[in-house]
Amino acid sequence: MDLSPDEYAHHAHRLADWIATYLRDVDQYDVLPSVTPGAIRAKLPKSPPIGAESLDDILADLDRVILPGATHWNHPGFLAYFANTASVPGILGEMVTAALNLNAMLWRTSPVATELEQVVTDWLRQLFGMGDGWFGMITDTASISTMYALAAARERDPALGIRQRGMAGRGDLPRLRIYCSEHAHSSVDKAAMTLGLGLENVVHVASDADFRLRPDMLARAILADRAQGYRPLAVVATAGTTSMTSVDPIGDIATICQRESLWLHVDGAYGGSAMAVPEMRPFFAGLERADSLVVNPHKWLFTPMDCSVLFTRQPTVLRRAFSLVPEYLTTPEGDDALNYMDYGLQLGRRFRALKLWMVIRAFGSDGIAERIRHHCALAQTFSGWVRAEGNGWSVSAPVPFSTVCFRHVPEGETDEAEIASHNAAIMARVNESGDVFLSHTKLGDQYVLRVAIGNLRTTTATLERAWTLLRKAAK
Ligand SMILES: *Cc1c(COP(=O)(O)O)cnc(C)c1O
């Protein structure tokens with residue numbers, strides 16, 4: 001038997017208090033733990049317990065083992081990668097998801113899991129100001145969403161016969177090509193690896209001075225490939241690149257895709273959430289002509305890991321790429337019901353719609369827009385300080401959203417390797433403080449630091465602390 005509901009209630013109340021204390025005091029921890037690889041494993045028994053352990057003992061280890069080894073993503077000073085927030089409504093949603101343990105594979109295996117997923121992805125579409133005609137589905141990550149989109153692109157022309165005959169050993173199949181900017185996320189390359197397209201067939205198109213894919217270079221690459229007898233399949237435009245959050249010109253790219261009959265997938269894993277802010281929607285002009293879009297609510301929409309939303313205007317093609325129904329999964333509902341297992345690789349699917357529904361309801365579309373707007377304003381504040389400082393400090397890329405790329409160049413230094421190690425040392429010193437956590441990237445050959453604002457606890461004071469630490473570390 002399981003533990004009793006009374007025992008559950010006892011420990012759940014304690015745990016609720018523990019979580020409340022954690023959220024209240026999270027800034028007391030070092031955002032980046034000072035542990036060396038293997039140190040945590042060394043503290044833990046090598047083998048599982050033979051007898052049952054008490055929940056009192058197990059929960060005590062949250063403080064002893066778990067927290068000291070955690071990088072605190074809910075810390076206001078988390079400014080690395082793309083900072084995010086497990087918000088209170090999202091945390092509550094996760095609790096209920098675990099308790100109900102619904103499986104959203106078929107409509108029948110939990111009607112509410114499927115229908116809430118339909119409703120909440122449609123809410124998100126409206127919250128983003130997108131038009132009608134988009135089908136939404138929740139996946140775990142943008143990497144998977146993008147792979148699904150490219151699998152659909154590969155299936156769009158059934159004459160290729162890949163679903164049935166595969167790709168290997170076929171003389172009748174030309175090379176299939178995918179195009180994205182040189183700053184696109186590595187998940188595009190990984191999807192090409194996984195789908196059998198091959199890394200060589202991902203064409204990384206040059207970008208302009210503001211790191212946006214150049215449509216003229218895209219058109220030229222497609223033309224050159226056709227001349228070689230290759231078969232262009234899809235373009236991935238990025239709305240908010242991972243390094244510097246640049247936005248590819250979606251409208252111009254869509255025009256090329258329409259002319260060339262290519263699938264257009266828009267990767268808005270991070271940046272897509274900015275569509276919640278009406279005045280930021282011009283960045284996404286042309287999206288209505290895309291075939292698919294990914295946005296990660298677990299990045300910049302206050303939803304706990306994991307939650308990615310794949311939208312497509314071609315659900316029939318996506319379904320053709322993935323639907324395969326064995327006898328034991330046939331149901332009497334037939335076409336009256338949506339079975340999400342038909343639109344992806346997974347059969348079993350977590351009930352992720354619940355936490356997203358709770359986040360959207362608890363903040364409202366105005367509240368979400370206000371929070372995202374505030375993060376963008378904080379990024380402008382921070383980049384303003386860097387620009388005003390001089391003394392070798394500079395902002396390295398435009399700041400359309402909530403992420404700032406910047407660096408420090410010592411007086412007279414021109415050697416990029418020296419500048420890189422100087423900035424890496426600055427970052428290491430700042431991260432050692434435990435107060436803030438920054439990461440870095442490369443823009444071309446330039447090593448730069450990043451401040452990514454996405455946590456709801458981050459304030460001007462957090463950024464002041466980061467800026468003080470940075471300037472001290474540069475001396
Ligand atoms: C973070 C990111 C991804 C990958 O997201 P996962 O959900 O971690 O797979 C893809 N594309 C862009 C632009 C990203 O910033």
Side-chain angles (χ1 to χ4, degrees), residues 71 73 78-86 90 121 124 128 136-151 178-195 202 204-205 207 211-213 234-250 253 264-275 283-284 287 290 292-311 344-346 349-350 352 355-356 372 375 379 397 399-405 439-443 450-455:
T71 299
W73 285 73
F78 191 108
L79 304 169
Y81 311 109
F82 282 124
N84 64 17
T85 313
T121 53
L124 204 57
F128 287 161
M137 147 162 122
I138 303 181
T139 73
D140 55 357
T141 57
S143 302
I144 296 298
S145 295
T146 292
M147 188 189 76
Y148 284 4
L150 293 176
I178 307 283
Y179 308 82
C180 60
S181 106
E182 53 187 334
H183 302 295
H185 191 264
S186 54
S187 53
V188 179
D189 302 271
K190 280 197 159 188
M193 283 159 55
T194 309
L195 293 169
V202 181
H204 294 271
V205 177
S207 54
F211 311 102
R212 298 171 305 190
L213 182 145
V235 179
V236 180
T238 312
T241 52
T242 311
S243 280
M244 71 297 273
T245 73
S246 56
V247 183
D248 291 337
I250 298 171
I253 296 170
L264 174 56
H265 176 62
V266 176
D267 180 356
Y270 155 76
S273 292
M275 285 190 285
F283 280 118
F284 303 86
L287 177 65
S292 55
L293 162 74
V294 57
V295 182
N296 278 2
H298 76 224
K299 266 192 175 150
W300 200 15
L301 218 72
F302 324 126
T303 307
M305 275 291 287
D306 48 14
C307 186
S308 174
V309 176
L310 173 63
F311 289 101
L345 192 62
Q346 285 184 271
R349 303 174 68 257
R350 296 186 72 221
R352 295 189 183 88
K355 59 184 172 183
L356 184 54
I372 289 178
H375 284 166
V399 183
F401 302 125
S402 67
T403 302
V404 184
C405 292
S439 60
H440 78 281
T441 190
K442 270 199 157 176
L443 307 188
R450 278 168 89 264
V451 157
I453 299 152
N455 189 278

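Remember, it's 1-based here, ligands and their atoms both numbered in the order they're listed. Note that this is a predicted model, so its numbers are computed, not measured.
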Practice item. Pick whichever of K299, M147, M305, H185 has a heavy atom sitting closest to atom 1 (C) of ligand 1. Key: K299

Check your understanding: Under 30°, 30 to 60°, or over 60°: which ring-plane class applies to W300 and Y270, parallel, tilted or perpendicular?
Key -> parallel

**Study point:** Atom indices of ligand 1, in the order listed, that fall short of 4.0 Å to a heavy atom of H298
**Key:** 7 (O)

Practice item. Show which atoms of ligand 1 fall inside a sub-4.0 Å distance from at least one heavy-atom site of A269. Key: 2 (C), 3 (C), 10 (C), 11 (N), 12 (C), 14 (C)

Review point. How does S187 reach ligand 1, by side chain, by backbone, by both or by neither, if only non-hydrogen atoms under 4.0 Å count?
Key: side chain

Review point. Does an N or O anywhere in A142 fall below 3.5 Å from an N or O of ligand 1?
Key: yes

Exercise for review: With heavy atoms of F82 as the reference, note each atom of ligand 1 found under 4.0 Å away.
Suggested key: 15 (O)

Practice item. With ring-ring contact (aromatic ring centres under 6.0 Å, His included) as the test, would you mind laying out the steps for F401 and F283 before giving the verdict? Key: CA-CA 10 Å; F401 302 125; F283 280 118; 5.3 Å; yes

Practice item. Examine the side chains of S207 and H183 and answer whether a donor and an acceptor come within less than 3.5 Å of each other. Key: yes

**Study point:** Top protein contact for atom 11 (N) of ligand 1, by heavy-atom distance
**Key:** D267 OD2, 2.6 Å

Check your understanding: Does an N or O from T242, backbone or side chain, lie closer than 3.5 Å to an N or O of ligand 1?
Key -> yes

Check your understanding: In terms of residue, atom name and distance, what is the protein heavy atom nearest to atom 9 (O) of ligand 1?
Key -> S143 OG, 2.6 Å

Check your understanding: Which ligand 1 atoms, with their elements, are less than 4.0 angstrom from a heavy-atom of N296?
Key -> 5 (O), 6 (P), 7 (O)

Practice item. Run the contact test for T241 against ligand 1 with a 4.0 Å cut-off on heavy atoms, strictly below, and give the result. Key: no

**Study point:** Residue pair T139, S145: steps toward the side-chain hydrogen bond (donor to acceptor under 3.5 Å, both in side chains) verdict
**Key:** CA-CA 6 Å; T139 73; S145 295; 2.7 Å; yes

Check your understanding: Counting heavy atoms only, which part of V294 comes closer than 4.0 Å to ligand 1: side chain, backbone, both or neither?
Key -> neither

Exercise for review: Give a yes-or-no answer on whether the side chains of S308 and N296 include a donor-acceptor pair shorter than 3.5 Å.
Suggested key: yes

Review point. What distance separates T245 OG1 from F82 CZ, expressed to the nearest 0.5 Å?
Key: 6.5 Å

Point to revise | I253 side, atom CD1; D248 side, atom CG - distance, nearest 0.5 Å | key: 4.5 Å

Point to revise | For G240, atoms of ligand 1 separated by under 4.0 Å from a heavy atom | key: 13 (C)

Review point. Has S308 got any heavy atom lying under 4.0 angstrom from an atom of ligand 1?
Key: no

Practice item. Answer whether the closest heavy-atom distance between the side chains of F302 and I372 falls below 4.5 Å. Key: yes

**Study point:** Presence of salt bridge, D140 and R350, under 4.0 angstrom
**Key:** no

